[in-house]
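Heads up: the structure comes next, in structure tokens.
Only a predicted model underlies this, so the values are computations on that prediction, with no experimental measurement involved.
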Amino acid sequence: IQELKLLGLIHQINQWAIHSRWVNCLTTKHFFLVLFIMLIFGSSYPVNKLALNTSLPPMLAGSLRMFILFIFLIPFCKFKIPDRKYFLPLISFSLTMGFGVIFFLNLSLSKATLVAPIIIGAQLAIPFAILVSSIFLGEKVSTKQWILILISFFGIFLIGYDPNLKGEIYALFLCGISAFFYGIANVLSRYIKEVDVKFSNMIMGLTGFITILIFSIFTEGNTINHLKDIDINTWFLLLHNGVTVSVIAHTSLFYLYKFYSVNKVMPFYSLFPIFGLILTFLIFGEIPSLLSAIGGTIVIISVYQLQKIR
């Protein structure tokens, strides 16, 4: 749901569909479609890690992901300059999402030797979004929400306290920064709801591409050589996250909202970290320790409950 909100799709759901009688349960076709969507979302982290395990530097990889998104959206955009009142929030959204989220997420994955803790840590984006909304929009945070937020952070604390993950603390910290930027981007996206979603995400892709590329050139260096060294398999991995995850999966999820209420589909969203953990096990053979499993379960359940409240 938070991903969908960032793309500005929620508010575009047909009003007739919103007020019509909802189907009581998902059809078999739609049930497998939503499972497939969550599988794609879950695949983003291990696939990203596979790309970073090559000679491709993390900043350059993030820049290329944004470039792919930008290029893919160009043919579908109507180049109409939005009202001036949207300039600042659009630029701010593009910087927080296109740069902040992707930049620190890729850095965290590059520093991590294990992907599973990063998948769990990224779930803090929802608690952060609620906190940022409370601070900047004055939205009231209920007692239940505060309790769930504290519980989710406690789950991350348990993961960080795991003696088997002492070398992952810095990666978790970077992941937390990425999640924090995601929360800010979620709030900023509300100020650009009237801007065409394809245009706003094209600008976000362009902004992320340029800003991360600048950092890559000055800190990672040898940009041209790194680009020449990218093989076809790595390009497919980048295309997966740039197109399959960022565009196709989100569009398919929006398709389901034409038939079902938000509360009917939203519980499935909690499956994406589970799919991510399963894929991480299948690809990298990662088996979380008991303490990490308990902490991860606490985070997923508390975030799931927060999504139900929102």
Side-chain angles (χ1 to χ4, degrees), residues 3 6-7 40-41 43-77 90-112 115 118-119 121-122 125 170-171 173-182 184-186 188-189 197-250:
E3 293 273 354
L6 284 178
L7 286 179
I40 292 176
F41 285 156
S43 70
S44 174
Y45 295 88
V47 168
N48 203 357
K49 182 61 174 176
L50 283 174
L52 294 176
N53 282 346
T54 65
S55 60
L56 186 62
M59 296 182 196
L60 183 58
S63 178
L64 291 175
R65 175 177 177 175
M66 290 293 95
F67 177 72
I68 291 170
L69 176 63
F70 167 66
I71 294 298
F72 184 84
L73 289 177
I74 287 179
F76 304 97
C77 283
L90 179 58
I91 293 173
S92 300
F93 167 76
S94 299
L95 285 172
T96 52
M97 185 63 187
F99 172 78
V101 174
I102 302 300
F103 181 86
F104 286 101
L105 178 61
N106 273 29
L107 283 182
S108 68
L109 283 171
S110 67
K111 298 296 182 181
V115 181
I118 304 302
I119 296 176
Y170 183 53
F173 174 73
L174 292 172
C175 180
I177 297 177
S178 175
F180 178 70
F181 273 110
Y182 196 104
I184 296 177
N186 178 73
L188 291 171
S189 67
V197 61
K198 296 183 293 294
F199 179 80
S200 63
N201 281 274
M202 183 191 70
I203 297 299
M204 183 265 288
L206 177 62
T207 303
F209 163 61
I210 294 175
T211 53
I212 300 177
L213 181 62
I214 291 173
F215 273 83
S216 176
I217 291 173
F218 286 100
T219 59
E220 295 173 332
N222 298 319
T223 304
I224 301 299
N225 291 332
H226 285 307
L227 289 172
K228 291 180 179 179
D229 291 338
I230 301 177
D231 57 29
I232 187 65
N233 293 328
T234 304
W235 277 115
F236 275 120
L237 294 174
L238 293 172
L239 283 169
H240 174 80
N241 278 346
V243 177
T244 308
V245 177
S246 298
V247 179
I248 297 177
H250 288 121

Do [X] and [Y] come within less than 4.5 Å of each other through their side chains, counting heavy atoms only?
X	Y	answer
Val47	Val245	no
Ile68	Val243	yes
Met97	Asn201	no
Asp229	Thr234	no
Leu174	Ile118	no
Thr223	Leu213	yes
Phe181	Leu95	no
Leu90	Met204	no

To the nearest 0.5 Å, what is the distance between [atom1] ([X]) and [atom2] ([Y])?
X	Y	atom1	atom2	answer
Leu238	Ile230	CG	CD1	6.5 Å
Tyr45	Asn48	OH	CG	9.5 Å
Ile102	Thr96	CD1	OG1	11.0 Å
Ile212	Met66	CD1	CE	6.5 Å

Which atom names give the shortest non-hydrogen contact between Ile40 and Ala249, and what distance separates them?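 Here Ile40 and Ala249 meet closest at CG2-CB, 3.8 Å.
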Do the side chain of [X] and the main chain of [Y] share a donor and acceptor less than 3.5 angstrom apart?
X	Y	value
Lys49	Leu109	yes
Thr54	Ala51	yes
Ser63	Leu60	no

Per the ring pair (Phe, Tyr, Trp, His ring centres under 6.0 Å) rule, what does the pair list look like for residues 202-231, sequence neighbours excluded?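 Pairs touching residues 202-231 that pass the test: Phe67-Phe209, Phe99-Phe215, Phe103-Phe215.
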